[in-house]
Amino acid sequence: MMSNKRIQELELMMEFEKVEECFKKVSSWIENVGRKRLKETINLDDSLEMLLQAQKQFKEFDLVASEYCKRGQEALKKMNQWEDVFFVDVHSYRVKLQAYEDKLEEFCTQLDETRHRICETVRLYEFFDKVRQGICCTEEGVKS
């Protein structure tokens, strides 16, 4: 039993090292690229044309960011098999995993919120643009 326990602990450590390496890459991208790009989308331009351009650029970024989120989530799922392991040594791994999971979840949530905000802003600008065009056409009809 002691031997089996030790083997499980070693397997956990090896698996954790793989997950940690993957998550370090994901985390580095989030910090060095992802968060900066999300901050750039805080102030959206005032014209529909500029907003559509920003939306296009965000979609390209979103594809890459979503892939990093997916990689991080897959790495963390691999560790789910160890949820029922109660070794004393495992606590430090769980603390690190929780920190990784929190960081990833926060970024993915911000990404989703930004995606939604840009989409809704574009829809609103398109609506106002149609209303403005309708008013202009109505005014021209009245003048004629």
Side-chain angles (χ1 to χ4, degrees), residues 4-5 7-144:
N4 286 343
K5 179 182 173 184
I7 288 172
Q8 283 183 323
E9 288 174 345
L10 291 173
E11 288 173 348
L12 173 64
M13 288 189 299
M14 289 173 25
E15 187 69 30
F16 183 79
E17 286 175 2
K18 290 178 192 175
V19 169
E20 190 170 36
E21 182 62 33
C22 174
F23 206 82
K24 282 181 180 178
K25 290 176 185 175
V26 170
S27 184
S28 174
W29 184 88
I30 286 172
E31 291 304 317
N32 296 322
V33 179
R35 291 196 193 282
K36 290 177 184 176
R37 290 291 303 272
L38 285 179
K39 285 180 184 177
E40 291 172 4
T41 64
I42 289 174
N43 297 320
L44 297 172
D45 291 312
D46 290 339
S47 72
L48 180 58
E49 182 181 317
M50 295 299 288
L51 187 58
L52 289 171
Q53 183 178 351
Q55 183 183 37
K56 181 182 175 189
Q57 291 172 350
F58 179 79
K59 283 182 179 181
E60 293 168 4
F61 162 73
D62 189 28
L63 288 173
V64 175
S66 294
E67 182 60 33
Y68 275 95
C69 288
K70 182 180 173 184
R71 283 186 210 166
Q73 290 164 345
E74 287 174 358
L76 291 171
K77 282 182 185 178
K78 289 180 183 179
M79 295 307 294
N80 285 343
Q81 65 182 334
W82 299 103
E83 282 182 355
D84 297 330
V85 178
F86 294 107
F87 306 137
V88 174
D89 299 3
V90 175
H91 179 70
S92 63
Y93 294 111
R94 285 195 178 135
V95 170
K96 282 184 179 181
L97 281 173
Q98 187 61 53
Y100 291 152
E101 188 171 6
D102 292 346
K103 185 176 197 172
L104 181 65
E105 186 177 314
E106 177 191 359
F107 177 76
C108 292
T109 299
Q110 288 175 344
L111 183 65
D112 289 341
E113 289 171 352
T114 302
R115 183 184 311 115
H116 179 73
R117 182 175 52 85
I118 289 174
C119 182
E120 290 301 309
T121 304
V122 166
R123 287 179 50 200
L124 185 64
Y125 271 68
E126 288 173 337
F127 172 76
F128 284 129
D129 196 49
K130 287 178 184 177
V131 169
R132 185 183 52 78
Q133 288 175 3
I135 290 172
C136 289
C137 290
T138 303
E139 287 176 354
E140 287 176 12
V142 170
K143 289 179 183 178
S144 299

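Here the structure is a predicted model, which is why all the values come from computation and not from measurement.
In terms of the side-chain hydrogen bond (donor to acceptor under 3.5 Å, both in side chains) criterion, residue partners of S28 (sequence neighbours excluded) are, by chain and number, N32. For Q98, the side-chain contact (heavy atoms from CB on, under 4.5 Å) criterion is met by E101, D102, not counting sequence neighbours. Remark: K103 pairs with E31 by the salt bridge (charged side-chain N to carboxylate O under 4.0 Å, His left out) rule, at least two apart or across chains. Residues satisfying the side-chain hydrogen bond (donor to acceptor under 3.5 Å, both in side chains) criterion with Y100, sequence neighbours excluded, are E20. Under the rule for a side-chain hydrogen bond (donor to acceptor under 3.5 Å, both in side chains), the partners of R132 that lie at least two apart in sequence or sit in another chain are D129. For Q57, the side-chain hydrogen bond (donor to acceptor under 3.5 Å, both in side chains) test picks out no residue, with sequence neighbours left out. Qualifying salt bridge (charged side-chain N to carboxylate O under 4.0 Å, His left out) partners for E126, counting only residues two or more places apart in sequence or in other chains: none. With sequence neighbours excluded, the residues forming a salt bridge (charged side-chain N to carboxylate O under 4.0 Å, His left out) with R71 are E67, listed by chain and number. Applying the side-chain contact (heavy atoms from CB on, under 4.5 Å) test to T121 and every residue at least two apart in sequence or in another chain returns L44, L51, R117, Y125. The side-chain contact (heavy atoms from CB on, under 4.5 Å) test applied to Q73 returns L104, C108, not counting sequence neighbours.
Between the CD1 atom in I30 and the CD atom in E106 there is a gap of 9.0 Å [rounded to 0.5 Å]. Within the model, atoms NZ of K70 and NZ of K77 stand 9.5 Å from one another, a figure rounded to the nearest 0.5 Å. Distance check, rounded to the nearest 0.5 Å: CD of Q53 to CG of L48 gives 12.0 Å. Summarising the geometry, atom SG belonging to C22 is positioned 8.5 Å from atom CG belonging to L76; distances are rounded to the nearest 0.5 Å. Here the CD1-CG distance, from I118 to L52, works out to 11.0 Å after rounding to the nearest 0.5 Å. A distance of 4.0 Å separates CZ of R115 from CG of D62, quoted to the nearest 0.5 Å.
Residues in residues 34-59 take part in these ring-ring contact (aromatic ring centres under 6.0 Å, His included) pairs, two or more places apart or across chains: F58-F61. The salt bridge (Lys or Arg N to Asp or Glu O under 4.0 Å) contacts involving residues 48-60 comprise nothing, where partners must be two or more places apart or lie in separate chains.
Residues R35 and F107 approach most closely at N-CE1, 3.9 Å, considering heavy atoms. Closest heavy-atom contact between V19 and A75: CG2-O, 3.3 Å.
The backbone N or O of L63 lies less than 3.5 Å from no partner atom in the side chain of S66, so there is not a single donor-acceptor pair.
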Criterion side chain to side chain contact (heavy atoms under 4.5 Å, CB included) on E40 and R37, from CA distance to verdict
CA-CA 5 Å; E40 291 172 4; R37 290 291 303 272; 3.5 Å; yes
Could you walk me through whether E21 and K24 pass salt bridge (charged side-chain N to carboxylate O under 4.0 Å, His left out), step by step?
CA-CA 5 Å; E21 182 62 33; K24 282 181 180 178; 5.3 Å; no
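Considering only heavy atoms from C-beta on, Y68 stays 4.5 Å or farther from K25 through its side chain.
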